[in-house]
Amino acid sequence: MGIEKTQVEYLASLARIELSEDELELFSGQLEKIVGYVEKLNELDLENVPPTSHTQNLKNVLREDTPKKGLTKDEALALAPDRQGDYFRVPRVIESD
Amino acid sequence: MVLQPVIGIEVHVQLLTESKVFCSCSTQFGAEPNSNTCPVCLGLPGVLPVLNKKVVELAVKAALALNCEITRRSQFARKNYFYPDLTKGFQITQFDLPIATNGYIDVDVSENGGEAKTKRIRINRLHIEEDSGKSLHGEALNVEGTSLIDFNRCGVPLVEIVTEPDIESPEQARQYLLKLKTIMQYCGISDCNMEEGSLRCDANISLRNEDGSLGTRCEIKNLNSFRFAKRAIEYEMRRQAEVLEAGEKVKQATYGFNAATGKTFMMRTKEESQDYRYFPEPDLVFLEVDDDRIEATRKMMPELPDAKRERLTKQYRIPKYDAMVLSTSQEIADYFEKCASLHPNGKAVSNWVMGSVLGLLKERNIGIADCPVSPTRLAELLNLVADGKISGKIAKDVFEQIVETGKSPEAIVSEQNLGTVSDESAIADIIREVADKRPDLVAKLQSGKLNVLGFFVGQVMKRTKGQADPQIVNQIIRKVLLKE
């Protein structure tokens, strides 16, 4: 199955990343191989096989509604590339199109 | 030409839990920014989300309260989108197997002052999902090109409730929201505090074309009051109609609503569902809800607003409208019922609760739990009126004094000698005094001009400071001056 460059560009826009011309080439080739590999499943007759998302048929793994202390503010913010006061700071995210 | 609007509403309700949906962080509102986070809700690598049991209980309760069918085996899914208020790059939600589908709410809507009609608004689905973090933008921060994020909200449990496009007017939309909120509060599913964001709504609006087909729909996001929701829908209907009248096409997009200008503004062109690339969440297992759980939940359900309204109407013989007002909150209905159990006239109780009590709460901006007049005190007061011990007018004053002093109505009446003047000879004396001053009016009365009776009644009421019963005064005037 062929992956068009425009499809890679579209995926990149959904992920909010910018790709160079070379990268577009590279990734469309790689994605083509990945999709082609998964395509193999279509060769099988799966008519009566229900779709599954887990290999083990587990259900209802639940926890009690009891709050526990997680990270401290400073532990959480220590992981941030940038902070301002007690907040994570990121490039402005209001969209305009 | 007026085009018929077609409106659907999505509401996000925050569930009343102590901890988040997939981790044990606290859901406390107003905590310091980023003080309620952990590796799970921050989306750090290698973590495993585990579903909160209480979330399932509350979601099942909400589903039953909204007359939904419960999905016996539901599943979580990843909704992929890139936005910094959700660090994982996806939101955990439910997609093709939501926990509940096919419900409805009945609302009573009176359009343009007409008689109220019952309208059934179908609910397409109800699903569990996690909230995202909260972003603060530009202007407030004095730093251009920057957004700040607080992840305390991230992972807070929500249910999203989506209607079918059954809503036909802005007023129906408002009534739907009011009813939904009442039901959620009755069942203890959510506190529905809109200021704190525990109930948020989005509206989808399109206009029906002349041939009956549906026009392009636009979504208005984050309507944070029911009044704004109504106004935003009204504005959006006009905007779309103008676009169509100009011979242009409505463009599918997401709008915000500016309450200050009363206008909607475009936020972004609408993402297609496929752009979210939903797929089953591999870190969470299936959620199965069996008959036992459904039955157990059903047994725990409180009386819902519709049922309560019916019962109040019948049990206390009050008008449907009164029952509707009284059942807007469980606490108000309880107050009414407590009072009505101590005073036989249901209609008198509902008049006082809807008038004096709710008026007082509104004036002081307090809840009924903090009402300075208990239902017992109110019943005592109404009993005094019913027994003819005080007049209705005096009762209003006594009510005010109970508010101020907290004393019992009996004590207030006896201390200040507010009891009805029913002593016939005392009233007759007053009438004679008045008659002496106005022989002209006595003559008129005696010549058959009964319209001057009102003057004498008024004078007696004035001199008894409203403590006499006007009907009795009337009879005594006739006796004294007309020898009847």
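In what follows, every heavy atom counts, from backbone to side chain, and hydrogens, waters and symmetry copies are set aside. Naming: A, B, ... by sequence-line order, numbering from 1 per chain.
When heavy atoms are compared at a cutoff of 4.5 Å, Asn36(B) approaches chain A solely by way of its side chain, counted from C-beta outward. The part of Leu284(B) that comes within reach of chain A is its backbone (N, CA, C, O), which places non-hydrogen atoms under 4.5 angstrom from that chain. Using a 4.5 Å cut-off between heavy atoms, Leu77(A) contacts chain B through its side chain alone, with no backbone atom that close. Looking at Val56(B), only its side chain comes within 4.5 Å of chain A, counting heavy atoms on both sides. Residue Asn57(A) touches chain B through its side chain alone, counting heavy-atom pairs closer than 4.5 Å. With a 4.5 Å cut-off on non-hydrogen atoms, Phe279(B) does not touch chain A at all. When heavy atoms are compared at a cutoff of 4.5 Å, Gln28(B) does not approach chain A at all. Of the two parts of Leu287(B), the backbone and the side chain both hold a non-hydrogen atom closer than 4.5 Å to a non-hydrogen atom of chain A.
A cation-pi arrangement is present between Lys79(B) and Tyr276(B) under the rule of less than 6.0 angstrom and at most 45 degrees off the ring axis. For the pair Arg78(B) and Phe90(B), the distance from NZ or CZ to the six-membered ring centre is under 6.0 Å and the angle to the ring normal is within 45 degrees.
For Arg217(B) and Glu219(B), the salt-bridge test fails: no basic side-chain N is under 4.0 Å from an acidic carboxylate O. Using a 4.0 Å cut-off between charged nitrogen and carboxylate oxygen, Lys88(B) and Asp283(B) do not count as a salt-bridge pair. Using a 4.0 Å cut-off between a side-chain N of Lys or Arg and a carboxylate O of Asp or Glu, Lys54(B) and Glu57(B) do not qualify as a salt bridge.
Considering only heavy-atom pairs separated by less than 4.5 Å from chain B, the leading option among Asp86(A), Leu58(A), Asn60(A) is Asn60(A). Note on Ser35(B), Cys25(B), Cys23(B), Cys41(B): by heavy-atom pairs under 4.5 Å with chain A, the leading option is Cys23(B).
Side chains of Thr146(B) and Gln84(A): a donor-acceptor N/O pair is absent below 3.5 angstrom, by distance only. For Gln14(B) and Ser198(B), the side-chain atoms include no donor-acceptor pair closer than 3.5 Å.
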